[in-house]
Amino acid sequence: MNAHESALLEDLNDPQREAVLHHGGPLLVLSGAGSGKTRVITRRVAYLVKVHEVFPWRILAVTFTNKAAREMRERLVQLLGRQANDLVVSTFHSSAAMILRREAEHVGLTRSFVIYDDGDQLNVVKRAMREAGLEQSMQPREILSRIDQEKNQARLPEDMEVEPGDERGLLVQRIYHAYQERLRAANAVDFGDLLLLLVTLFRKRPEVLENYRRRFHHVLVDEFQDTNPVQYALLKQLAPPPSANLVVVGDDDQSIYRWRGADVDNILNFPREYPGAKVVKLEQNYRSDRNILDAAYEVIRKNTRRMEKKLWSDRPAGQTLQLMLNRDERMEAQEVARQILALQREGFIKFSSMAVFYRVNAQSRVLEEALRLARVPYTLVSGRSFYDRAEVRDASAYLRLMVNPRSDADLLRIINTPARGIGDTTVERVVDHANTRNQSLYEVLAEPGLIPALNTTAVKRLRTFRGLLESLHVYAQGTTDAASAVDEMLRETKLVETLVAEGSDESTTRAENLREFLGAAQEFDLNRAAAAVAAASGPQVEVPPEVDAAPLSADTPPLQAFLEQISLVGDADAEVGEGRVALMTLHAAKGLEFDAVFLTGLEDGVFPHSRALKGEDPDNGEEMAEERRLCYVGFTRARKRLFVSLAQCRSLFGELRYNPPSRFLRDVPPKLFGISEQDIPEPPRPAPMAAPRKRTWDEDDGPRIDRSYSQASDMDGVSGDVRGMRVRHEQFGVGRIVAADGSGPNAKVTVEFGGAVGLKRVIARFLMPG
DNA sequence: GATTAACACCTTTTT
DNA sequence: GGTGTTAATC
């Protein structure tokens, strides 16, 4: 055994070592939470390279999230040094995008295709519906989600299985078809297409697939339990059964993306798809104290249809879990903040090793407020907030047009941003004209004079606008870095200028964001330059002539590469801040670990989510099983302390709701909370002021504006007789209520504001007592 | 054509 | 609480 070898096998337990050493053929690694699976994957890759002398470019390692890919890459750099540069380590979507770009012409795209996100997709669906005259038939959102589902199942419009007589299904199919045509015409793809088009291409053109099979002799997949049918199809193409070197690592108990088409059966049936696959179980947990592990097990064991395994640990039992019972969500948030400060003061746990989890993003607001008030530093770990801002998306739309002027969705987005006097009527006429001529908007705008019913000013403005796009497009073709393209675009479009001129606080922030966007482009260029240097100085190895060993993204032009990063990676800097508590959804928590974890909202209806509660048998449905797995994921993130919190009532979606404690809590034996069966405490009663308001106008109990629940400055509802009351409106100033009607959040009142304003009927919640 | 107020409607998780 | 749509007004 040489030095490399022993170093790479160091401190691995038996099954881990078995997985690293496994030689040839398919391998399934069932890895429980905290059992060291990333270590297994990275060591295995390093072992292949160093001991078996596999060329790094022969190895493809796919993960599900960008975070995971980044971490894996970092660890591999530590193990392999610059040899790691030649590995392909990326998400399904990134690697598919890179391959698709190389093969674009086979699928009716050009290499400069752009990637549409959710919002763009919805616009395309809406336009497809409008053109087909089917606007009122179904919700565009629903159509889109059904299209996405079809794509997840690897089905093109013609592959859809529609029962005869299924009107809605037929409608979806029709629009799906029109939608795809529009994407192709715009030289654009959506997320689903990245995978689906590639699978289709490989199916139709085996010789193209062959090139990649010849190259990638080793394929490794992380979080395999979350793969959906298209992803699995792609894997099977690249690493065909029965004998390819395909290593899949995952944990069926942590499958939490069923709603996005992920199929647990992929992992459950893997041994059948790849007969002879070796199966290794990693059951030793190195992360959590035993009390936490036991609690997690009690929750997950209720699921039927799982691969039986039980994590064990030689760690101490540790402290018991702590149950936090709160009156409402505000108290919950305060208590979380208080406990965080206490833990920090004890000195053992730093802010940066604590996290607060919640089921839905809507829960984060109250938590943030409380943490801010308590001066607890925190970071909100949410996917891609920066690139979701309107102004940043406008800027990206311009950039995408610079690369690909045919992108109608982008053109429509910015045709009047900043305002240049091109209104809805004009746009509609341009769109109609483009539809009849079957051309892109950009093409049609080359000769705006031909568009019917336009007046001369409109034609002139369109001409100027088209001129702008044209010169940007030309500029982009000559540019060698992303930042100069962004810079040029910001100058020419006057996006920043317009915002600055507006002068409001909000527009100033937006202008700042655009400057930050430029900064992101500069940073991107720097990283790219560094990567190029590293690649050039890497060891030159002999490559068999029939194999293409070039990096997948080899000659993507810089602006395009930057755009790809924006769409697929998002805000790479949104890592958990130093010295800050992390706030995130349970889904975002997968793959992370913290000394102390706060799991909030353990109430039936919140977690498990209300959607999982309805149905015939809410305790055994697939949705409930998934909620349970989500709970398991949440629990097993904690190393030493697990706080589980609920609120007896919480206002969600504008309404006050009383939810029973989560059924998951009943699965945890009380002794793990350090309490006995009898003294399971009652949550504190809601304060009298928090009583649900059910009053109507008939109950005359004196003038009163009910703002019991929210401390907000607005009037949530109106009750009692408020006539004569003084109120203030942001626009109209101070006045007196003369009449009122309705109740609840949309109650209206008529107010005499006096002066020039006079009588106005306004929604009560826009008023403040004044 | 732009701007604003009113109002309807939705709200799980995200590559 | 946000977002998109409509109607009214400049």
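A note on names: the letters A, B, ... follow the listed sequences, proteins ahead of strands, and every chain is numbered from 1.
- In this structure, A:Trp259 forms no aromatic stack with the base of B:dT12, since the conditions of centre separation below 5.5 Å and plane angle below 30° are not both met.
- When heavy atoms are screened at a 4.0 angstrom cut-off, A:Arg141 is found touching no nucleic acid atom at all.
- Set against B:dT12, B:dT15, B:dT14, the side chain of A:Tyr257 has B:dT14 as its closest nucleotide.
- One can find a donor-acceptor pair under 3.5 Å joining the base of B:dT13 and the side-chain atoms of A:Arg359.
- Between A:Arg650 atom CZ and C:dG1 atom C1' the separation is 16 Å, expressed in whole Å.
- Remark: A:Phe465 engages no residue in a ring pair (Phe, Tyr, Trp, His ring centres under 6.0 Å) (not counting sequence neighbours).
- Look at A:Thr585 and you won't find any side-chain N or O under 4.0 angstrom from OP1 or OP2 of B:dT12.
- Separating the CG atom of A:Asp424 from the C1' atom of C:dG4 is a distance of 13 Å, rounded to the nearest angstrom.
- Contact check, A:Thr425 against B:dG1: a side-chain N or O comes under 4.0 Å of OP1 or OP2.
- As judged by a 4.0 angstrom heavy-atom cut-off over every strand, A:Asn416 is placed among residues touching the sugar-phosphate backbone only.
- Computed from coordinates, the A:Phe64 CZ to B:dT15 P distance equals 8 Å when rounded to whole Å.
- When distances are taken from the side chain of A:Lys126 to each of C:dT5, B:dT12, B:dG1, the shortest belongs to C:dT5.
- Side-chain contact check for A:Gln237 versus A:Val199: some heavy-atom pair is nearer than 4.5 Å.
- The nearest whole Å value for the distance from the CG atom in A:Asn361 to the P atom in B:dT14 is 6 Å.
- When the P atom of B:dT14 is taken as reference, atom CG of A:Asp148 falls 15 Å away, rounded to whole Å.
- Counting only heavy atoms from C-beta on, A:Glu623 has its side chain closest to B:dT12 among B:dT14, B:dT15, B:dT12.
- Here the P atom of nucleotide B:dT14 and the CG atom of A:Leu194 are 19 Å apart, to the nearest Å.
- Taking atom CZ of residue A:Arg461 and atom P of nucleotide B:dG1, one finds them 8 Å apart after rounding to whole Å.
- Looking only at side-chain heavy atoms (C-beta outward), A:Leu468 and A:Arg420 come within less than 4.5 Å of each other.
- The side-chain ring of A:Phe191 is stacked on the base of B:dT15, judged by centre separation under 5.5 angstrom and plane angle under 30 degrees.
- When the nearest nucleotides of DNA chain B are assigned to A:Thr91 and A:Gly421 by heavy-atom distance, the more 5′-ward of the two goes with A:Gly421.
- The side chain of A:Thr426 sits closest to B:dG1 out of B:dT12, B:dG1, B:dT14.
- Side chains of A:Gln225 and A:Asp252: a donor-acceptor N/O pair is absent below 3.5 angstrom, by distance only.
- Ring centroids of A:Phe64 and A:Tyr257 are separated by less than 6.0 Å, placing the two rings close together.
- You can call A:His609 stacked on the base of B:dT12; the centres are under 5.5 Å apart and the planes sit within 30°.
- Of the side-chain N and O atoms in A:Asn228, none sit less than 4.0 angstrom from OP1 or OP2 of B:dT15.
- In this entry the distance linking CG of A:Asn123 with P of C:dT5 reads 9 Å, nearest Å.
- Salt bridge status for A:Arg663 with A:Asp604: present, with a side-chain N to carboxylate O gap under 4.0 Å.
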